[in-house]
Structure formats: C-alpha cells, structure tokens
Amino acid sequence: MDAEIISVGTELLLGQITDTNRPYIAKHLSGLGLASYHQSIVWDNYQRMYDEMAQANSRSDLVILIGGLGPTEDDLTKQVAADVLGKSLVDNDQAMAKVENWHRDTGVTMVPSNRLQAQYIEGGQPIKNDVGFAIGSYYQNENGADFLLLPGPPWELEPMFDKYVLPLLQSVYSPEQVMSSLVLRYYGIGESRLETELRPLIDTQTNPTIATYAKKHEVTVRLTAQATTKQDADALNEALAEQVNDIVGDYLYGYGDANSLAAMTNQALTEHNLTVSVADAYTNGAIADQLDPAQLRQDLDLAATIMGEQVPNAEAAADLAETLQVAAGGDIVLTVLPSINNPEVSMTDTKFTNELVHIGLKYKDNDAQSFTRTLGRAHRENIDTISFVGLDTIRRTALNLPLLNRK
C-alpha cells in the first residue's frame, strides 16, 4: 500500500517556510503499515498541480494533498483534485454555517471565494476542522488512487489528522487494528518546555505516538495507540501516560478532549467538600463565574469595606484573605488585587500592557500567603491569564498540592 504525499505551496519551494507536515504524516503512516515511496512539493499553479496529481493517481494507492484549501486565488487544491477525479465540489452545511456565522458576527464581508473553505469533493466525505474554516476531504476512488485533502497550517492539520484522519485511515487501510487515543491536559508549563522535557520519549516513539498541542493557557498531549483490541490499545496508552507524567506530572490537571481547568477545579472542591470565597478586583468576575455556585461564597461589597484605604499590594492581598475568611467564611479564600500603578486600559485595548496583579490565599487554619504575577499582553489576555492562575490556585489548594511557578 503506497501513500503518496504532496505538499502544495510556492512558499515551501522558495524556502520561506519549512514543511513540517509531510514528516508528521509520514511518521504516522508508517505506524499504520502504509508505505510512502513518493513525496513532493508542487508550485501553486493549476497545470503543475494537475500534472503532479494525475501522476500520483496513476502510480499510488492513496494521494495525500496538504495545503491550498483556503479562500485566496492561489488556493487551488480542491478545484484541481476535483478535476483530476472528474468530480464537482459540494457544500458541507455545518462548515458553511461556521463560515457564514463568523462573517456575520464579526461584520467582515463574505466574498464568494470564502465558500471554498466549506466545500469537499463530490461523492467523498468532509473532514471537520475544529481550529480553522477549511475542511478536509476524503474520496475513495474506484478507478485510481484514493484522495485525502488536508489544510496547510500545522496548527490546523495536526489536530485534524490525529482526531479524525488517523481513525479513518486505520478503519479503511488497517481494519485488523484498533486505534485508541488518550488526551492528557497540563497547566503551568508551556508547549516548548513540555516538548523539551518529553524529548527522549518523543524521539523514540513508535506505538503509541505522542503529539503535543498548545491551547489557550494550557498544553495537551495526545497519545494514540494501535492494537488488536481496544483494551490492549488503552493499556499501551496508560503505560506511556505513566512515563509522561513521571516527567511532567506536576502540571497535569486532567484527561480528555472536552475537559477544562474550571471543571477539574469544581470537581476538586466537590470531592473534598470545600467552599471558596473570592474577592476579585481585577478579572471582572471571570474566576467566580467559572466556579460552582454551590461551593462559592462571595461578597465584593464586604471585601471592599475590609480593604478600606489599604494600598493594593501582595501584603494587602494576604491580609484581605485572612480577614475575609473570618467575615464571610469559606475553606479557601482567594483575593485578586491589581497594582495601583497599573495603567488605565479597557477590555477592547489590543496593545500589550504591563500589569501587576497581587493574589492572596487563605486555606482553613493555615497562614495566609500571597504572590504577584507580572503580565505583559493585551488587557483581555492578561485577565484570561489571571483567571487560569486563580482557578489553578484553588484546585491545587483543594487537592493539597504545592503551588507551582509557571514555566
């Protein structure tokens, strides 16, 4: 079984960007027992692309096309592939609604070429893009090679390939194997640091495979194993997860695609029967809004009264947590105070802004403590950062875990 990989993009041939997609896919193909004897890069030109695809169609069993699925004039992959196969492009209603809704909500004018992102090859099947707009396409060809079309940006291709394409390829080309994935979620460590820590495992991965993804303020690791039964595949993932967490387990907060730091914070509070009070003068309620009301004790007016004329600093944050626990209750008390020296900014301000935020913490009879975070992005992003810091501080406190500095 020969799977030919063709990357589309003039910028690749000019050396303006490095093609990381072909090695990424080739590595996973070998794990499925699929050979890849031919790989190439082709210019953004209709005739060159047609000739390359036609040749691949005549000599390979599966043609994987990467890039050129966008709405610009040089994004021709879908159109050329459809012509090679003698097919039309058809709309995917769900993807089209996503494109249309985005344009409507943002006020950006939608031009006809934007529709291309939501189209796939007639008679095939669309492949969902969870990150961007350009969907993939898979077509099984009775008179030649099967065609698989994937987006070019790695941050779109890799999640699509891992979540949707790998199971598809496994079911079609390796039906005797069962594929299973396990997602591990980490907060407090960046993707580059996590990859560096896991490099010995990544460099020697075979089955399961390891893929890391940078999410908003967190990192996920997807382990994907193959075996003759799901039970065996799950066991392989769990064994590798133990090795991963031996290295970076201090930052692990949960498992699963649909999980979140807020969900795991609420779970920790519920399981340990803890209540929490939050006095937050910075995030506009972003921390408290994500907490289960059944566990939440909050009185902003009382907090303001207790604060009085104190200058908001780290010491004041700790003092406020101490006093608020007595006045309002709560097993865990979190206080969030912006520095008095922070510039005046609005939620719509997009320029990077240096801000200091002081966080106080009081847990049951333990002494109150505090720490200060220095922020340097747009104000809305700074607020998001502090909401994650606050949630993780509450979660770690509830689980009796040490607070960690973000790396």
Side-chain angles (χ1 to χ4, degrees), residues 1-9 19 21-42 46-70 75-92 94-95 116-130 134-152 154 156-179 181 209 224 226:
M1 181 76 185
D2 180 19
E4 183 161 348
I5 308 173
I6 302 174
S7 291
V8 178
D19 185 1
N21 290 325
R22 280 185 300 122
Y24 184 85
I25 291 174
K27 174 185 65 180
H28 286 86
L29 291 179
S30 64
L32 290 170
L34 303 178
S36 183
Y37 300 123
H38 302 93
Q39 297 183 20
S40 60
I41 303 173
V42 64
Y46 180 94
Q47 193 58 52
R48 291 191 179 98
M49 293 169 65
Y50 187 98
D51 292 344
E52 194 77 16
M53 291 185 204
Q55 182 181 41
N57 187 38
S58 68
R59 70 185 179 190
S60 298
D61 302 299
L62 171 65
V63 179
I64 302 176
L65 300 161
I66 305 169
L69 305 187
D75 288 318
L76 300 170
T77 302
K78 286 182 183 179
Q79 302 92 304
V80 178
D83 288 349
V84 169
L85 294 168
K87 296 293 180 178
S88 301
L89 295 177
V90 294
D91 293 349
N92 174 253
Q94 183 180 17
L116 282 170
Q117 298 174 99
Q119 294 182 332
Y120 65 101
I121 296 174
E122 174 192 18
Q125 65 183 87
I127 302 174
K128 188 178 180 182
N129 187 336
D130 290 332
I135 61 173
S137 184
Y138 175 69
Y139 180 83
Q140 286 189 281
N141 186 9
E142 296 180 356
N143 302 307
D146 299 337
F147 272 60
L148 173 65
L149 283 62
L150 302 173
E156 295 184 26
L157 179 143
E158 292 179 11
M160 178 188 290
F161 193 86
D162 287 350
K163 189 173 182 180
Y164 301 114
V165 175
L166 268 178
L168 171 65
L169 296 180
Q170 182 270 325
S171 65
V172 175
Y173 304 108
S174 299
E176 71 283 356
Q177 293 286 301
V178 174
M179 185 174 293
S181 291
T209 58
T224 303
Q226 296 179 72

- Message: Under the rule for ring pair (Phe, Tyr, Trp, His ring centres under 6.0 Å), what residues qualify as partners of Phe147, not counting sequence neighbours?
- Response: none
Rounded distance [0.5 Å steps], [atom1] in [X] versus [atom2] in [Y]:
X      : Y      : atom1 : atom2 : result
Leu65  : Glu4   : CG    : CD    : 9.0 Å
Ile5   : His38  : CD1   : NE2   : 12.0 Å
Ile66  : Ser7   : CD1   : OG    : 4.0 Å
Leu150 : Ile25  : CG    : CD1   : 5.0 Å
Gln117 : Leu69  : CD    : CG    : 9.0 Å
Ile127 : Gln125 : CD1   : CD    : 6.5 Å

Could you report the tightest heavy-atom contact between [X] and [Y], atom names first, then the distance?
X      : Y      : answer
Val63  : Ala56  : CG2-CB, 3.7 Å
Tyr138 : Val172 : OH-CG1, 3.7 Å
Tyr139 : Glu122 : CE1-O, 3.4 Å
Ile135 : Ala95  : CG2-CB, 3.5 Å
Pro151 : Glu156 : CB-OE1, 3.8 Å
Tyr120 : Ser137 : CB-OG, 3.5 Å

Is [Y] close to [X] at the side-chain level, that is, under 4.5 Å between some pair of heavy atoms?
X      : Y      : result
Lys163 : Lys128 : no
Leu149 : Ile121 : yes
Leu169 : Phe161 : yes
Met53  : Val42  : no

- Message: As a quick check of understanding, evaluate side chain to side chain donor-acceptor pair (under 3.5 Å) for Gln226 and Ser174, giving each step before the final call.
- Response: CA-CA 10 Å; Gln226 296 179 72; Ser174 299; 5.1 Å; no
- Task: Determine, step by step, whether Gln79 and Leu116 satisfy the side-chain contact (heavy atoms from CB on, under 4.5 Å) criterion, reporting the C-alpha distance in whole Å, the side-chain angles of both residues, the deciding distance to 0.1 Å, and the verdict.
- Result: CA-CA 9 Å; Gln79 302 92 304; Leu116 282 170; 3.5 Å; yes
- Task: Check step by step if side-chain contact (heavy atoms from CB on, under 4.5 Å) holds for Tyr24 and Leu157.
- Result: CA-CA 10 Å; Tyr24 184 85; Leu157 179 143; 4.2 Å; yes
- Here the side-chain hydrogen bond (donor to acceptor under 3.5 Å, both in side chains) pairs for residues 81-91, sequence neighbours left out, are Tyr46-Asp83, Asp91-Arg115, Asp91-Gln119
- Item | salt bridge (Lys or Arg N to Asp or Glu O under 4.0 Å) partners of residues 135-147, not counting sequence neighbours, each pair once | none
Quick one: does any side-chain atom of [X] pair with a main-chain N or O of [Y] as donor and acceptor, under 3.5 Å?
X     : Y      : result
Ser36 : Ala3   : yes
Asn57 : Gly144 : no
Asp2  : Ser60  : no
Thr77 : Gly67  : yes

